[in-house]
Trainee: 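Below you'll find the structure I mean.
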Amino acid sequence: GSMSPCPTELPEPYGPWMEIAHDLPQLIANHRLRSQVHQMPQLSTRHLRGREELHLAHLVLSFITMGYLWQEGEEGTVKVLPQNLAVPFWEVSQALGLPPILSHTDFVLANWRRKNPNRPLEIENLDTIISLPGGDSLRGFILVTLLVEKAAVPGIKAIIQAIRAILRLDEETLHKALQELAEAIGDMSKALKRMHDYVDPAVFYAVIRIFLSGWKDNPAMPDGLIYEGVSDEPMAYSGGSAAQSTILHAFDELLGIRHSEESTAFLHRMRDYMPPPHRAFVEEIRCAPSLKQHVLSSGDARLCTAFNRCVSALADFRSYHITIVTKYITVAAAKAKAGQADPGDRAGPSAVKPLSALEAKGTGGSHIFSFLKSVRDTTREGMISA
Ligand code: HEM
């Protein structure tokens, strides 16, 4: 159920949260979000029922938190998240087994609705539930990522089919499952291409990116964040990223891809930002009998070809992702420096300046590309040689 439609409003007692959450871009642009949060009553989380309402509450509180922290840009951060926000956010996070920060689950998986419930899951019929500055580009970034997840769904089903087929020594079903997996990964690359149509690189770089930043290894918040009323010690959490999506973790485990020690350390840390059932799913695939061993020892050329098609499609997806990251971060950064980009025109009023400190150490740095390329290359090395 990683993509089930969820309620889009919380029960009545949470009106004060919803009112702020629905007005975030405006409140941030006017520099009024922090004062609004300070006036918010401290609400108990006991009226939240079931995982769906908890996920919606996590989504709402995580967006308010990111807006609160980054309202004044990277140079105007705060050290303390006020109690009336920190305590309920902490409680909801504990209940869900999620970290108290915006994650991929909040940003994408729990943050969509159909405009017309009778019409299909296509981008024209989709909208976000909660927003941040960045206007149409922000909406496009979230919804295109959702479409990549949607394209992956037949691949996730194929994983389950494949593991069952291995256990039953059913080579016919296994072959079919691998073909479906390769096709799903190809469809994910096609979905990823739509980023170009819906997301302006200048807006992504100068406006959207900062609101996804976390407070771990971030020079803009070197000490982390104190969750007032929870602990006197600051805590450090990474920001939101599709590296936290279950999809590629699941594919890597099924296909037996082995990344470098350093890349694996980062990717495994990202699993702590998944909902526990997703984390458990990845772990189950890891513990299942090895697909690669099975294909190798079967000596079946058709299975080998189908297996390699999956690995190759996954490496291609990662290559295309690097192209996207280059456009949306490296090229956008160069243009911003050269003063060619004017995101203000496209995104509406924005409080946020380009990210100098984060650029040096965070998501803009060259180590990002050595990481992404290493992960892509170790993927391709997972092919079975003839
Ligand atoms: C404008 C669009 C995008 C940008 C700028 C972008 C940027 C990045 C960056 C900088 C990283 C490095 C790790 C980190 O900082 O967290 C990363 C990792 C990753 N991204 Fe994206 N990303 C984009 C879209 C997507 C989409 C739509 C997906 C698929 C759902 C995706 C999947 C991943 C994955 C799986 C990783 C981990 C590395 C890997 O397994 O290959 N990204 N991305």
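When a ligand or atom number is given, it counts from 1 through the structure's own listing order. FYI, side chains are in, hydrogens and waters are out, and symmetry mates aren't considered; it's all heavy atoms of this structure.
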Trainee: Does F141 have its ring centroid less than 6.0 Å away from the ring centroid of F204?
Mentor: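 Judged by ring-centre distance (under 6.0 Å), F141 and F204 do meet the cut-off.
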Trainee: Is it the case that the ring center of H175 lies less than 6.0 angstrom away from the ring center of F307?
Mentor: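 Centroid separation for F307 and H175: 6.0 Å or greater.
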Trainee: As a check for students: among F141, Y198, F317, identify the option with a heavy atom nearest to atom 3 (C) of ligand 1.
Mentor: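 The nearest heavy atom belongs to F141.
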Trainee: State yes or no: are the ring centers of Y205 and Y328 separated by less than 6.0 Å?
Mentor: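 When the ring centroids of Y205 and Y328 are compared, they turn out to be at least 6.0 Å apart.
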Trainee: Looking at F281 versus H249, is the centre-to-centre ring distance below 6.0 Å?
Mentor: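 They do not qualify: ring centres at least 6.0 Å apart.
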Trainee: Heavy atom to atom 10 (C) of ligand 1, shortest distance: which of L147, I368, I257, D252 holds it?
Mentor: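 Of the listed residues, I368 has the closest heavy atom.
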Trainee: For the residue pair H321 and F317, categorise the inter-ring angle as parallel (less than 30°), tilted (30 to 60°) or perpendicular (more than 60°).
Mentor: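 Aromatic pair H321/F317 classed parallel.
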Trainee: With atom 14 (C) of ligand 1 as the reference point, say which of A151, S241, S189, S137 has the nearest heavy atom.
Mentor: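 Result: the heavy atom closest to atom 14 (C) of ligand 1 is in S241.
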Trainee: At a non-hydrogen distance cut-off of under 4.0 Å, which region of A242 contacts ligand 1 (side chain, backbone, both, or neither)?
Mentor: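 Near ligand 1, A242 shows its backbone as well as its side chain.
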Trainee: Looking at non-hydrogen atoms alone, which of F369, F266, F204, Y328 comes nearest to atom 13 (C) of ligand 1?
Mentor: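 Heavy atom nearest to atom 13 (C) of ligand 1 belongs to F266.
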Trainee: Any Lys/Arg nitrogen of R279 or E283 sitting under 4.0 Å from an Asp/Glu carboxylate oxygen of the other?
Mentor: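 A salt bridge is absent here (no side-chain N lies under 4.0 Å from a carboxylate O).
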Trainee: To which of H321, H196, R209, H249 does the heavy atom nearest atom 8 (C) of ligand 1 belong?
Mentor: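 Looking at heavy atoms only, H321 sits closest to atom 8 (C) of ligand 1.
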Trainee: Counting heavy atoms only, which part of M195 comes closer than 4.0 Å to ligand 1: side chain, backbone, both or neither?
Mentor: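 The part of M195 near ligand 1 is the side chain, not the backbone.
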Trainee: Going by an N to O cut-off under 4.0 Å, is there a salt bridge joining R46 and E53?
Mentor: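 A salt bridge is absent here (no side-chain N lies under 4.0 Å from a carboxylate O).
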Trainee: Does at least one non-hydrogen atom of V199 fall below 4.0 angstrom from an atom of ligand 1?
Mentor: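 No; V199 lies far enough from ligand 1 that no heavy-atom distance drops under 4.0 Å.
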Trainee: Enumerate the atoms of ligand 1 whose separation from the nearest heavy atom of V325 is less than 4.0 angstrom.
Mentor: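 Those of ligand 1 that fall under 4.0 Å from V325 are 6 (C), 7 (C), 8 (C).
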Trainee: Looking only at distance, does T145 have an N or O less than 3.5 Å from an N or O of ligand 1?
Mentor: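 Between T145 and ligand 1 (N or O atoms, distance only) the closest approach is not under 3.5 Å.
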Trainee: So does K176 pair up with E171, basic N to acidic O under 4.0 Å?
Mentor: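 No salt bridge links K176 with E171.
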Trainee: Going by the order shown, which atoms of ligand 1 are within less than 4.0 Å of some heavy atom of V148?
Mentor: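 Counting atoms of ligand 1 from 1, those under 4.0 Å from V148 are 29 (C), 30 (C).
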